[in-house]
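These notes concern the structure reproduced below.
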Number of protein chains: 2
Amino acid sequence: MGMTKRKEKAARKIPSPVVRRLAKYRTYVNDVAFRGLKWITSKDLAADLGLTNATVRRDIFYLNFSGHTNRGYSIENLERVLTRVLGLHKECDIVIVGAGNLGRALAMHGDLARMGFRIRGIFDSDKKLKRKKVSGLVIQSMNALSAVVKKYAVSIGIIAVPSTAAQLVANQLVKAGVRGVLNLACANLKLPKSVHVVEARIAAGLSELCCCVQIAAGRESAALA
Amino acid sequence: MGMTKRKEKAARKIPSPVVRRLAKYRTYVNDVAFRGLKWITSKDLAADLGLTNATVRRDIFYLNFSGHTNRGYSIENLERVLTRVLGLHKECDIVIVGAGNLGRALAMHGDLARMGFRIRGIFDSDKKLKRKKVSGLVIQSMNALSAVVKKYAVSIGIIAVPSTAAQLVANQLVKAGVRGVLNLACANLKLPKSVHVVEARIAAGLSELCCCVQIAAGRESAALA
DNA sequence: TAGATTGTTAATCGATTAACAATC
DNA sequence: TAGATTGTTAATCGATTAACAATC
């Protein structure tokens, strides 16, 4: 294969807790770069993100990226490496299924465009929405999904339909050929292991918070008693 | 205190990976209850959610809830216990900050109302939106936030503003007195440890998927070579 | 009864953290 | 130089899984 030792090292799989933090690091360095900073230490990065400096160095170790003694990491270079590792250095084609409030909100979402996600189509089974426009895109019927996914080699689909329809839509997306799914619905999707699923956890996140604040409240009243 | 041994056991803190799965279990049992099932085994639950039966039993063990040999768990009772543990047995008051597309989409979101989340206010700093209505609620200026949070003892705030404003809004929510924050923006919030933060991970989730599908694609082409 | 399933402990696995030599 | 900081290994911690007695 002619691969150098160095490349082999870089290619080993990054554990998903680390990937999740890398996305945070990228948001962070993006932000501090904008504010004009040039260098960041593992200590400062950790403090700002609520982590330990050991975790930060361990994570960056996966990137096969080097910092400098006494100065830390070059923000510009770290941003470039993180962007590349996360696959954000090239545009990424996505589709949105569901043109209700949530789907339309995402289609119009500035952050996504800024990060290089290109929305190649928005679909809805509701005939009444067909041919209406959202953010420059014409809403299409579900029949058109497969052709669009193939035409643009779309790798990621966003599910923004009611939870009752989520599994059905997920199946259609997978059949059409997407490799990853972002699920905004409150539903447990059952998909082949080859397809990556990320939950946006809106409803589930609120449940979790509800649980946490309840426990916290209980502790407080117990402490007062 | 007169607490029985049993109660003490139930009160011990549930680790957050477990809480996250409990929310999944609840969605699941809610669904199968609707379909008329009465009993579910740890084996079937695990298979449907992509877990091991050991994990399911270990998790339910935290609930201080008993199943039945040979039959598994009563779906009705499990649903009740999960609902209570997650704090969804009583209505939960929330506010939404940001009345853009995303904020309005959430305000109109059926799942949240169905789960017992009561939206007590929607706020935006944009004067042009003031007094407009969303889903029966009048959009209010940020000045009104604190009074509403106090009046209804709101414990959770949803951040649906552009990422540049997220930290500022988070600070305002915490100052107003919320105990938990659901963050829909792509920003790393820095808040007191006493405040629980859950990330909806829309942009971050897409990054993660982008990273995963890219690696998967690389593997495939490597396999072909 | 034999088989299925739970409840619970102990073993395993993986992620985080501590430690520290190397370096500037 | 002394001090700060990285890169990397080893130790620790916590979560998941395996195992199995108890039970129906």
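Chain letters run A, B, ... following the sequence lines, proteins first and then strands; every chain starts at 1.
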Restricting both atoms to N or O, compile the protein contacts to nucleotides 21-24 of chain D shorter than 3.5 Å, with distance only.
| residue | atom | partner | partner atom | Å |
| --- | --- | --- | --- | --- |
| D:dC24 | O2 | B:N70 | ND2 | 2.4 |

Under the salt bridge (Lys or Arg N to Asp or Glu O under 4.0 Å) definition, can you give me all pairs with a residue in residues 32-46 of chain B, not counting sequence neighbours?
B:D31-B:R35

Check whether any side-chain N or O of B:N101 sits under 3.5 Å from a backbone N or O of B:A105 as a donor-acceptor pair, and report yes or no.
no

Name all residues meeting the side chain to side chain donor-acceptor pair (under 3.5 Å) criterion together with A:S16; count only those two or more places apart in sequence or in a different chain, and write none if there are none.
none

Distance from B:E199 atom CD to B:L189 atom CG, nearest 0.5 Å?
5.5 Å

Contacts satisfying salt bridge (Lys or Arg N to Asp or Glu O under 4.0 Å) that involve residues 156-178 of chain A (not counting sequence neighbours) are none

Which ones in residues 16-25 of chain A lie close to DNA chain C, meaning a heavy atom under 4.0 Å from one of its atoms?
A:P17, A:R21

Does the ring of A:Y25 carry A:R21 above it, NZ/CZ under 6.0 angstrom from centre and within 45° of its axis?
no

Whole angstrom value for the distance that separates C1' of C:dT5 from CZ of B:R57:
7 Å

Considering just the side-chain nitrogens and oxygens of B:T55, establish if one lies under 4.0 Å of OP1 or OP2 belonging to D:dT17.
yes

With sequence neighbours excluded, what pairs up with B:R20 under the side chain to side chain donor-acceptor pair (under 3.5 Å) test?
none

Rounded to the nearest Å, what distance is computed from the NZ atom of residue B:K13 to the C1' atom of nucleotide D:dG14?
12 Å

Can you name the ring-ring contact (aromatic ring centres under 6.0 Å, His included) partners of B:H68, sequence neighbours left out?
B:W39

Salt bridge (Lys or Arg N to Asp or Glu O under 4.0 Å) contacts in which one or both residues fall within residues 185-196 of chain B, not counting sequence neighbours:
A:D48-B:K190

Hey, does the Lys NZ or Arg CZ of A:R57 hover above the aromatic six-ring of A:F61, less than 6.0 Å from the centre and inside 45° of the axis?
no

For DNA chain C, which consecutive runs of 3 or more Watson-Crick or G-U pairs (each distance under 3.5 Å) count as stems?
C:3-24 with D:3-24

Take the protein atom OH of B:Y62 and the nucleotide atom C1' of C:dT9, then report the distance between them rounded to whole Å.
13 Å

Of all of residues 37-49 of chain A, which get a heavy atom below 4.0 angstrom from DNA chain D, listed by number?
A:T41, A:S42

What is the separation between atom CZ on B:F61 and atom C1' on D:dA15, rounded to the nearest whole Å?
15 Å

Any N/O pairs under 3.5 Å between the protein and nucleotides 11-13 of chain D? List them or say none.
none

Partners meeting side chain to side chain contact (heavy atoms under 4.5 Å, CB included) with A:V198 (sequence neighbours left out):
A:L182, B:R201, B:E208, B:L209

How close or far is atom P of D:dA4 from atom CG of A:N53, stated in whole angstroms?
14 Å

In whole angstroms, the gap separating P of D:dT5 from OH of A:Y73 amounts to 12 Å

